[in-house]
Amino acid sequence: MIPGKTLLTLAAAALAGALAFHADPLSAQFAGGPALPIVLPDASDPSPQAVYLRKCGICHAPGGMGQIQLARRSGPAAAMGPPPRQSLLTERDDLSEDIIRTAVRSGIGAMPAIPRGDVSDADLAKIAGFLAPKQDGKP
Amino acid sequence: MRLILPPKVTGAAFAKMLAECRAIVGADAVFATDEDRDSYRDGYAFATDETHIPSAAVAPANAGQVQEIIRAAGKLGVPVWPISRGKNLTYGGSAPLMSGTLLLDMSRMKKIIEVDPDLGYALVEPGVSFYDLYSYIQRNKLPLWIACPEHAWGSVLGNALERGASRTPYGEHSEAICGLEVVLPDGSLVRTGMGAMTRARTWNLYKDGYGPGWDQMFAQSNFGVVTKLGIWLQPQPQATTGISVKAMRDEDLEPLSEQLIRLFRDGVYDQHLAVISPLMMASVAAPRAAWYDKPGSITKAAIAEIANKIGMGLWNTQIILYGHKSIIGAKEEIILAALRAAGSTLSFDVQHWDDTMPLERSSMSMPGTGMLEFANWYGGRGGHMDFSPVLPSRASLLTEQVRATERLFEEAGHDFFAALHIKPRYTAALNVLTFDRDDAAITDRVKTLFGRLIDTASAKGYGEYRTHLDWTDKVAAAYDFNDNALMRLNERIKDALDPQGILAPGKAGIWPARYRKERAS
């Protein structure tokens with residue numbers, strides 16, 4: 001059980017925006033007030049970051065289900081409020097390309113598997129390369 | 001997952017089908033490994049079952065390729081299950097009903113063909129998600145708002161065809177459909193309504209054209225593959241007012257519902273709202289273990305305690321007014337007066353926005369996925385299914401149904417989440433069944449409970465508007481007037497359009513002659 005005081009803080013944070021029934025009730029917390037959801041880059045931008053945002057940003061940007069799930073792993077108090085660093089994939093330093101590939105194709109925890117029709121092998125290679133830290137010291 | 005062939009299809013015919021698909025879309029858009037089959041299974045259903053397993057998937061890039069694939073399927077007799085983006089979570093996701101069916105995955109068809117900011121419509125392909133459409137509108141600074149359901153990952157086209165909903169004036173998504181392009185089971189291509197004219201200029205403006213209107217024929221059906229869909233979008237209003245309402249006592253549900261129904265029917269507001277129990281939001285904030293640690297159905301006292309902790313009522317809703325400031329100001333007064341008369345324990349929070357203020361402070365329907373978090377209520381790998389009977393919008397009947405449903409949940413030892421989607425004449429009474437997908441004790445309990453929910457609702461004359469693959473035949477069988485005359489009509493149409501029975505066998509309970517014996521008894 002989460003201690004009562006922490007629970008209260010959590011719930012208050014979650015519900016500050018929730019009563020408005022926005023589909024994304026938690027995102028407001030990260031900007032210190034109401035915030036618009038991220039705008040995905042146009043399909044004409046082939047950069048790895050753009051591919052990551054188009055394919056993963058829906059869930060892994062602040063306030064998305066994936067970000068919230070990862071924040072919970074950092075402890076209950078971290079589920080709300082400013083996102084802990086480890087809950088944002090772009091801030092992680094422990095993701096290998098293999099881990100990313102397995103998580104995407106097999107699913108992990110509450111994240112369903114993402115089929116190749118949705119994220120192609122080529123897109124997944126770009127995403128994995130973008131998120132995994134460079135081991136050889138090159139940018 | 002190893003390959004399971006579709007019933008009545010030989011290994012040779014299936015291999016030939018995959019070869020033809022590779023020739024049509026390229027080898028890199030045909031997915032037939034064990035990992036591929038697993039990745040397309042329903043990610044929100046019971047992991048304890050080995051059901052609804054696809055044989056492979058083929059991902060066309062355009063309507064022409066869809067036609068070629070359908071023609072090949074007809075020639076070789078291979079059943080095909082179309083998915084727009086495969087994110088129809090709660091209802092089957094990307095999985096086919098009949099194991100072995102080949103998936104036609106249209107995720108790659110992502111063109112937003114047209115968005116008209118003046119006339120207020122979009123023409124989209126199946127792979128366009130709500131997030132994609134929202135982003136397009138924001139990037140191009142168009143004065144239009146989307147009507148977004150609980151999670152924005154899904155397809156605009158697929159959701160409208162499945163009769164999805166959102167809490168906006170355009171919240172009946174199937175009613176916002178205007179004009180379809182459809183590949184029929186023989187591979188031919190048709191456009192509905194005004195789109196039937198070669199030089200049509202009003203395809204996405206006037207629904208019916210001349211003669212019968214066919215748009216709704218392709219909603220929740222297996223009569224064709226929809227490759228383009230026109231959908232009306234809400235013009236950005238000058239102002240919005242959000243009136244959040246909390247009812248502090250359980251018995252306030254009836255007077256609150258009565259006023260909401262009356263105000264909607266009288267045209268004081270026109271937005272599709274939901275009245276929800278506090279567990280809907282508590283589950284988004286944290287899983288069950290954080291709130292309650294006892295087995296069995298969560299008690300009313302515990303729910304009241306949670307509601308109190310998170311500052312919610314026992315029943316909660318939000319009315320949103322859209323339009324010119326002076327008009328919605330007058331409506332706000334009418335609504336507050338009516339609700340104050342409905343109960344002394346009701347409390348209100350009113351948020352005003354107008355277009356001189358930042359958009360993020362408005363009551364615009366914003367895309368997100370955070371609400372999916374409620375699926376993780378029971379811990380583990382979260383899943384959920386909704387039981388959604390349609391009731392008359394009479395407050396006394398809504399209350400009676402809520403109480404009866406609560407009792408069934410209590411008897412089953414499962415937590416009761418409710419969201420009453422109130423419309424002027426009917427209410428879709430959603431009951432969310434969440435579970436740990438891998439916990440057989442919970443999934444067995446949910447299966448038994450779900451069956452009882454359908455049976456008891458049917459006995460009262462209430463049918464479901466939408467359901468998960470597992471319950472398709474049972475829900476369809478409840479529509480039983482005159483020896484299931486409606487299903488016999490559906491089957492006659494199915495057999496006429498799809499004599500080889502290749503398109504989505506079993507969808508909405510409609511089985512082609514070739515596979516009719518597959519229907520669940």
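It should be emphasised that the depicted structure is a prediction, and the values quoted were computed from it without experimental measurement. Per chain, numbering begins at 1; letters A, B, ... match sequence-line order.
Contact tally against chain A (heavy-atom pairs below 4.5 Å) for Ser107(B), Gly43(B), Gly127(B): the top residue is Ser107(B). When the candidates Ala113(A), Pro112(A), Pro115(A) are compared by the number of heavy-atom contacts under 4.5 Å with chain B, Pro115(A) comes out ahead. Ranked by heavy-atom pairs under 4.5 Å with chain A, the list Met106(B), Arg85(B), Gln351(B), Met280(B) is led by Arg85(B).
Within the structure, no pair that satisfies the ring pair (Phe, Tyr, Trp, His ring centres under 6.0 Å) test touches residues 89-121 of chain A, not counting sequence neighbours. Sequence neighbours left out, not one pair with a member in residues 122-133 of chain A passes salt bridge (charged side-chain N to carboxylate O under 4.0 Å, His left out).
Atom CD1 of Ile114(A) sits about 9.0 Å away from atom OG of Ser39(B), to the nearest 0.5 Å. In this structure, CG on Leu53(A) lies 9.5 Å from OG on Ser135(B), to the nearest 0.5 angstrom. Taking CG of Leu372(B) as the reference point, atom CE of Met111(A) lies at 13.0 Å (rounded to 0.5 Å). How far CZ of Arg54(A) is from CG of Asp132(B): 9.0 Å, rounded to the nearest 0.5 Å. Within the model, atoms CD of Glu373(B) and CD of Gln69(A) stand 4.5 Å from one another, a figure rounded to the nearest 0.5 Å. A distance of 8.5 Å separates CG of Asp121(A) from CG of Asp28(B), quoted to the nearest 0.5 Å.
Heavy atoms of Val58(B) lying under 4.5 Å from chain A are absent altogether. When heavy atoms are compared at a cutoff of 4.5 Å, Phe31(B) approaches chain A by way of both its backbone and its side chain. No part of Ile108(A) comes within reach of chain B, as not one of its non-hydrogen atoms sits under 4.5 angstrom from that chain.
Within 6.0 Å of NZ on Lys110(B) lie more than 12 heavy atoms contributed by other residues, nucleotides or ligands. Remark: Gln49(A) CD is loosely packed, at most 12 non-hydrogen atoms of other residues, nucleotides or ligands lying under 6.0 Å away.
Heavy-atom minimum distance, Met65(A) versus Tyr44(B): CE-OH, 3.5 Å. When every heavy atom of Leu36(A) is checked against every heavy atom of Tyr134(B), the shortest pair comes out as CB-OH, 3.7 Å. The two residues Pro367(B) and Pro37(A) make their nearest non-hydrogen contact at O-CG, 3.4 Å.
For Arg108(B) and Asp118(A), the salt-bridge test fails: no basic side-chain N is under 4.0 Å from an acidic carboxylate O.
Between the side chain of Thr369(B) and the main chain of Gly64(A), no donor-acceptor pair closer than 3.5 Å is present. Arg139(B) places a side-chain N or O within donor-acceptor distance of the main-chain N or O of Leu40(A), the cut-off being under 3.5 Å.
Residues Glu35(B) and Thr102(A) form no side-chain contact, since every pair of their non-hydrogen atoms from C-beta on lies 4.5 Å or further apart. The shortest distance between side-chain heavy atoms of Tyr136(B) and Asp42(A) does not fall below 4.5 Å. Looking at Ile58(A) and Phe130(B), their side chains never come closer than 4.5 Å, going by heavy atoms from C-beta outward.
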